[in-house]
There are 2 protein chains.
Amino acid sequence: MKEVTTRDQIVAVADQMFYQQGYENTSFADIANAIGISRGNFYYHFKTKDDILEAVIDRRLQDRKDMVAQWDADEESPEIRICKFIDILIVNGEKIKKFGCPIGTLSSELAKLNHPNQDGANALFGLFQAWLRCQFVALGREDDADYLAAHLLARSQGVAMLANAFQDDEFIRREVEQMHGWVAAQAALPGRGATGNC
Amino acid sequence: MKEVTTRDQIVAVADQMFYQQGYENTSFADIANAIGISRGNFYYHFKTKDDILEAVIDRRLQDRKDMVAQWDADEESPEIRICKFIDILIVNGEKIKKFGCPIGTLSSELAKLNHPNQDGANALFGLFQAWLRCQFVALGREDDADYLAAHLLARSQGVAMLANAFQDDEFIRREVEQMHGWVAAQAALPGRGATGNC
DNA sequence: GACGATTTAGGACAAATGTCCTATTCATTG
DNA sequence: CAATGAATAGGACATTTGTCCTAAATCGTC
């Protein structure tokens, strides 16, 4: 029975609003109103807006760590695990169509703001990059695991971006299908295919 | 001997600043200071900030139209033309590393702002989509030309996004190489390969 | 029930923003 | 030169922003 603290509420709502409206376009007042607390109370929990962003990024990092940990625990083949990553595009398809990828759009926004927390946002990319890398190593592709991970990350980002711009479900489905095929092809290439974890 | 009007200066500087700092994060004062005109003078040329954005989008549209028109005029094969599109990633590599893709990041920002000019920004995507489509048709791939165009657009966007996040030149080069190979493979597939324009 | 610490409400504050107005300067034309 | 319209400067204006302060309320503990 975990109690929901005001701080948690703030971070949760900020997470959502930063995603849907952007970081800069979300004000203290927006978040306070959404929760139903006073603007002043805010300052007790977070001294600056940047502090909130940091907490939001930590939250997202934890979320994603939990997600890949769950995938790892599922004891499937690395190929299937990679496909679970790809399938995020379909599972979260509606939100992606409306708001893009939460990781990519945040990274892009902070880059333009030249924001001190850029590195934090990019750590989200790094998390998936490292995890995907492990999966490709497990597929026996240790030589270019880094590149394959980045490649898949980039393709996912591109699909999210165009899905957002064009509002196109069919395009997402088709790209996901293609990427599944690509993963299978990568898996078939070398002889190895070990299933051990990183 | 084209005289450079104040209006042109405003649009040119706004174009650059919207790209480098984002639309919302660029103020009237920023643009005015960069040019050296008073903030008040601004209102004479543009009634609202949205009007400036519209002019910037028109400018970008014209720029890109001129670019593809030049490519079309070069009388090369569609395969080479498509590669010229891909090579934007290298030609503009430095800026892309710093600020991402000007089209993708604008589209993404306006989507989050739910801005009335979203359609304008997406027209930039549409321009390239249509042009790429023509090239794939010329390659004899009329059946899936739409999809191939969107696919390549998405891949480029993904590369730009990751290049921006990771500041990685080598990744750009490798992806561009891969895409060149992909285009060649697409060209080799069917027998046709007409070279006529759309 | 009383006390101390935690949490909250409400508002103050300066700075910045988009918008808008007016007076002045500049350039063109008769 | 005179006069008309275009272009510019400077600033007013209300609003919103992030930040910060203080007093009130709430809670746990003795």
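To find a chain, count down the sequence lines: A is the first, B the second, and so on, and within it residues start at 1.
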Listed partners of B:His45 passing ring pair (Phe, Tyr, Trp, His ring centres under 6.0 Å), at least two apart:
none

Once you round to the nearest 0.5 Å, how far does CD1 of B:Ile103 lie from CG of B:Leu124?
5.0 Å

Protein within reach of the bases, or only the backbone? For nucleotides 3-15 of chain D, mark each nucleotide 5' to 3' as B, S or -, using heavy atoms under 4.0 Å.
---SBBBBBB---

Output the rounded distance in Å from CG (A:Asn33) to C1' (C:dG10).
14 Å

Separation of D:dG18 atom P from A:Phe46 atom CZ, nearest Å, is 14 Å

Assert yes or no for the condition that the ring centre distance of B:Phe128 to B:Trp71 is strictly below 6.0 Å.
no

Verify the ring-centre separation between A:His151 and B:Phe171: is it less than 6.0 angstrom?
no

Test: A:Lys49 cationic atom under 6.0 Å from A:Tyr23 six-membered ring centre, within 45° of axis
yes

Could you tell me whether B:Thr5 contacts a base, only the sugar-phosphate backbone, or nothing, with contacts defined as non-hydrogen atoms closer than 4.0 Å?
nothing

Any luck finding a side-chain donor-acceptor pair between B:Asp66 and B:Gln70 under 3.5 Å?
no

Whole-Å distance between D:dC20 P and A:Lys47 NZ?
8 Å

Integer-rounded Å distance: C:dT7 C1' and A:Gln9 CD
13 Å

What is the distance, to the nearest angstrom, from the CD1 atom on B:Ile31 to the C1' atom on C:dG18?
12 Å

Whole-Å distance separating the CD atom of A:Gln21 from the C1' atom of D:dT17
15 Å

For the pair made of CZ in A:Phe42 and P in C:dA9, what is the distance, rounded to whole Å?
11 Å

To the nearest Å, give me how far apart CG (A:Asp51) and C1' (D:dG18) are.
12 Å

Taking only side-chain nitrogens and oxygens of A:Tyr43, does any of them come within less than 4.0 Å of OP1 or OP2 of D:dT19?
no

